[in-house]
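Chain A is the first sequence line, chain B the second, and so forth, proteins listed ahead of strands; every chain is numbered from 1. Since this is a predicted model, take the numbers as computed values, not measurements.
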Amino acid sequence: MQIFNSLTRRKEELTPLEPGHFRIYVCGPTVYDLFHIGNARPFIVFDTLRRYLLWLGYQVTYVQNFTDIDDKVITRAQAEGVPFAQLAERMIGEYYRDADGLNIMRASLYPRATESIDAIIQLISRLLEKGHAYEAEDGLYFSIDSFPAYGRLSGHKLEDLVAGASERLGDTAGKRNPLDFALWKYKKEGEPFWPSPWGDGRPGWHIECSAMSLENLGETIDIHAGGVDLTFPHHENEIAQSEAATGKPFVRYWMHNGFVNIDFEKMSKSKGNFFTVRDLAARYPYSILRFFILQAHYRMPVNFSDELLDAAVTSWKRITSSVDHLAFVAAASQDQPAGTAEENGLLEAIAACRQAWQKAMDDDLNTADAIAALFDLVRAANTAASTGRVSGQALLQARDSLIELFAVLGLDPAASAEDGIPEEITRLAEERGRAKEARDFAKADALREEIQARGYKIEDTPQGFRILPS
RNA sequence: GGCACCAUAGCCAAGUGGUAAGGCAGAGGUCUGCAAAACCUCUAUUCUCCGGUUCAAAUCCGGAUGGUGCCUCCA
């Protein structure tokens, strides 16, 4: 499988350091609020990567942190008048609710910053010993001048960054370089703090992720992923801290997803142009949100609007109704002979789909192309089903492939299967069927309307009528 | 100002050297008592523009234009 590595800006063959086992770290949410669809993109995309690697037969250790102590958490907790830990705990619960809805697999481990203080302190100590960190007025800082490779990931030249930073930030008391970033912030009045060898305080944002990755996955991991906006400074800083401390490569493949835009502008909390997944889920099924995200390649920016989501609904329905219909026709086609030309055509289409699907997934997780391959199979299967010359077994084979391959994308096209049709509706439908047999179309249509009024619809097929939720 | 990324049909979106996938929307047709669903056909001689390389360019190179992002918390 090829993956675009942000570090080298090239597609590279993806191989694990330890044969058969990938170690992945994904930057998780800062738990001060519900997450929005833009935040959801990396969760969905890298969950899909994980599912694909599992499907390929790899073992995957997948770590996603919760940043549960941070300026935003503190500010929000103060505004709500609750302890920060209480807010964080609540938001972690809310995270799980939406993430589960989006069918994002639970991580192998969810380390929290506040539970990783020891590891953070140890890491800072190592940096101090090696001369990469120093004390300033308000805390401990990382000295970027002590790490010559600084800027490599983001492609920034140090002097450009420094020039920009000096203008904006001016000189911070005791900082050696305006770009030096905080490792440990000394406590301020009214803020939570933890004891450390250097005084009470709390960790900086960047050191958290380094410490949690090193502690839980080891000094060199395979994949570290997140949104493109984390490239600088967050990931750049993580590399500097981690590699300065260990002397080893921190991450082998860096992956960054593109933004979700509104009117071609980045969706973000600070711009206020965001939709939380929670709000969207009230209007669209979670599966539609996931399907929508996966219809675009993960590195491309994607625009977001109700119109596009509506189109995704229609699009997805084409898949689910096909999967649904195939089961129905297959049940009615048990005694069809196998080996017809139509059947062989379908079997070939299944093989072609699986091949095209995997080729797309192998090419830097091209889910858009992978979905296109699945649509091709939908058409072939629908056509095959309508000929009446294909065995139920072959139809189910097509259906199983659709279900299997969509499952790797975290989607279940069989989820909307017809179950729980009320007896009353079935009775009405049967009555309509008899009226239709008797060519009493007025009565048949009246009954169909009544069924529709109750939220179901009737489809007549060569194999008989079907009742579906409308 | 510095550094990146993007530009493909009415809309969304794949495609990185061999003659434009897929979805939505639209038109016509088949099937149906009528519907619905499904299927078939049609809908970009062309990929923002201008040069260049090549037998061959949406794809590579140079330039222009437009848009976005990062450089400050941000997925």
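Within the model, atoms CD1 of A:Ile221 and OH of A:Tyr25 stand 8.5 Å from one another, a figure rounded to the nearest 0.5 Å.
Between A:Leu395 and A:Ser333, the shortest heavy-atom contact is CD1-OG, 4.3 Å.
Mapping A:Arg9 and A:Ile37 onto RNA chain B via the closest heavy atom, the residue that lands nearer the 5' end is A:Arg9.
In this structure, A:Glu265 atom CD and B:U68 atom P are separated by 7 Å, rounded to whole Å. A:Phe292 places its CZ atom 12 Å from the C1' atom of B:C24, with the value rounded to the nearest Å. Between A:Phe375 atom CZ and B:A38 atom P there is a gap of 11 Å when expressed in whole angstrom units. Separating the CZ atom of A:Arg432 from the P atom of B:U32 is a distance of 15 Å, rounded to the nearest angstrom.
Residue side chain A:Phe441 meets the stacking definition with respect to B:G33: its ring centre sits within less than 5.5 angstrom of the base's six-membered ring centre, and the planes differ by less than 30 degrees.
Among the protein residues, A:Gly38 comes within range of the nucleic acid bases, having at least one heavy atom under 4.0 Å from a base atom. Note on A:Lys72: a base of the nucleic acid sits closer than 4.0 angstrom, heavy atoms only. A:Ile458 comes within 4.0 angstrom of a nucleotide base, judged by non-hydrogen atoms across all strands. The residue A:Lys269 sits apart from the nucleic acid: no heavy atom pair falls under 4.0 Å. Nucleic acid contact class of A:Ser386 (heavy atoms, under 4.0 Å, all strands): none. Within the 4.0 angstrom heavy-atom criterion, base atoms lie near A:Asn39. Using a 4.0 Å heavy-atom criterion, one finds that A:Phe264 contacts the sugar-phosphate atoms exclusively. Nucleic acid contact for A:Phe259: base, since at least one base atom lies under 4.0 Å from a heavy atom of the residue. Counting any heavy atom pair closer than 4.0 Å across all strands shown, A:Arg299 reaches no nucleic acid atom.
In this structure B:G17 sits in no base pair that meets the Watson-Crick or G-U test at under 3.5 Å. The partner of B:U30 is B:A38, by the rule that a Watson-Crick or G-U pair needs both atom distances under 3.5 Å. Of all nucleotides present, only B:G23 satisfies the Watson-Crick or G-U wobble test against B:C11, with each distance under 3.5 Å. When Watson-Crick and G-U wobble pairs are counted only if both distances are under 3.5 Å, B:A4 pairs with B:U68. Nucleotide B:U46 has no partner under the Watson-Crick or G-U criteria, as no pair reaches both atom distances under 3.5 Å. In this structure B:G51 sits in a base pair with B:C61, meeting the Watson-Crick or G-U test at under 3.5 Å.
As rounded to the nearest Å, B:C6 and B:U43 have P atoms that lie 30 Å from one another. Spacing of P atoms, B:U46 relative to B:U54, comes out at 25 Å, to the nearest Å. Comparing B:U65 with B:U48, their C1' atoms sit 8 Å apart, to the nearest whole Å. Spacing of C1' atoms, B:A37 relative to B:C50, comes out at 50 Å, to the nearest Å. For the P atoms, the distance from B:C24 to B:C39 is 9 Å, rounded to whole Å. With both ends at atom P, the span from B:C3 to B:U16 equals 28 Å, rounded to whole Å. Rounded to the nearest Å, the gap between the P atom of B:A58 and that of B:A7 is 15 Å. Going from the C1' atom of B:G26 to that of B:G63 covers 39 Å, rounded to whole Å.
Relative to the ring axis of A:Tyr96, A:Arg106 places its NZ or CZ within 45° and under 6.0 Å from the centre. Figure legend: A:Arg202 and A:Phe193 shown without cation-pi pairing, the cationic atom not lying both under 6.0 angstrom from the six-membered ring centre and within 45 degrees of its axis. Within the cation-pi definition used here (under 6.0 Å to the ring centroid, within 45° of the axis), A:Lys269 qualifies as a partner of A:Phe274.
Considering only side-chain N and O atoms, A:Lys266 lies under 4.0 angstrom from the phosphate OP1 or OP2 of B:C70. A:Arg318 has a side-chain polar atom (N or O) that falls below the 4.0 Å cut-off from OP1 or OP2 of B:C39. Between A:Arg379 and the phosphate of B:C40, there is a side-chain N or O to OP1/OP2 separation shorter than 4.0 Å.
No hydrogens or angles considered: a donor-acceptor pair under 3.5 Å links the side chains of A:Thr67 and A:Glu208. There is no side-chain donor-acceptor pair under 3.5 Å between A:Glu12 and A:Gln2.
Across A:Asp364, A:Thr367, A:Asn366, a single residue satisfies side-chain hydrogen bond (donor to acceptor under 3.5 Å, both in side chains) together with A:Tyr298, and that is A:Asp364.
Minimum atom distance to the side chain of A:Pro42 is reached by B:A75, of the listed B:A75, B:C71, B:C34. Taking the side chain of A:Leu308 as heavy atoms from C-beta on, and the options B:A38, B:C12, B:G2, the nearest nucleotide is B:C12. In this structure, the nucleotide among B:A75, B:C34, B:A4 sitting nearest to the side chain of A:Asp460 is B:C34. Closest approach to the A:Ser315 side chain among B:G33, B:A4, B:C24 is made by B:C24 (side chain taken as heavy atoms from C-beta onward). Each of B:A21, B:C34, B:C3 was ranked by its minimum atom distance to the side chain of A:Asp376; first place goes to B:A21. When the nucleotides B:C73, B:G23, B:C3 are ranked by their closest atom to the side chain of A:His156, B:C3 comes out on top. With B:A75, B:C40, B:C73 as the candidates, the nucleotide lying closest to the side chain of A:Pro233 is B:C73. When distances are taken from the side chain of A:Ala372 to each of B:G22, B:C34, B:A75, the shortest belongs to B:G22. With B:G33, B:C40, B:A38 as the choices, the nucleotide that has an atom nearest any side-chain atom of A:Lys436 turns out to be B:G33.
Judged by distance alone with a 3.5 Å cut-off, a donor-acceptor contact links the side chain of A:Arg448 to the base of B:A35.
A salt bridge is absent between A:Lys188 and A:Asp138; no separation between the charged side-chain nitrogens and carboxylate oxygens falls under 4.0 Å.
Side-chain contact between A:Tyr150 and A:Asp145 is absent, with no heavy-atom pair separated by less than 4.5 Å.
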Quiz item: Reading nucleotides 13-20 of chain B 5' to 3', which nucleotides get B (base under 4.0 Å from a protein heavy atom), which S (sugar-phosphate only), which -?
Solution: SSS-----
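Taking the six-membered ring for Trp and thresholds of 30 and 60 degrees, A:Phe43 and A:Tyr95 have ring planes more than 60 degrees apart, a perpendicular arrangement.
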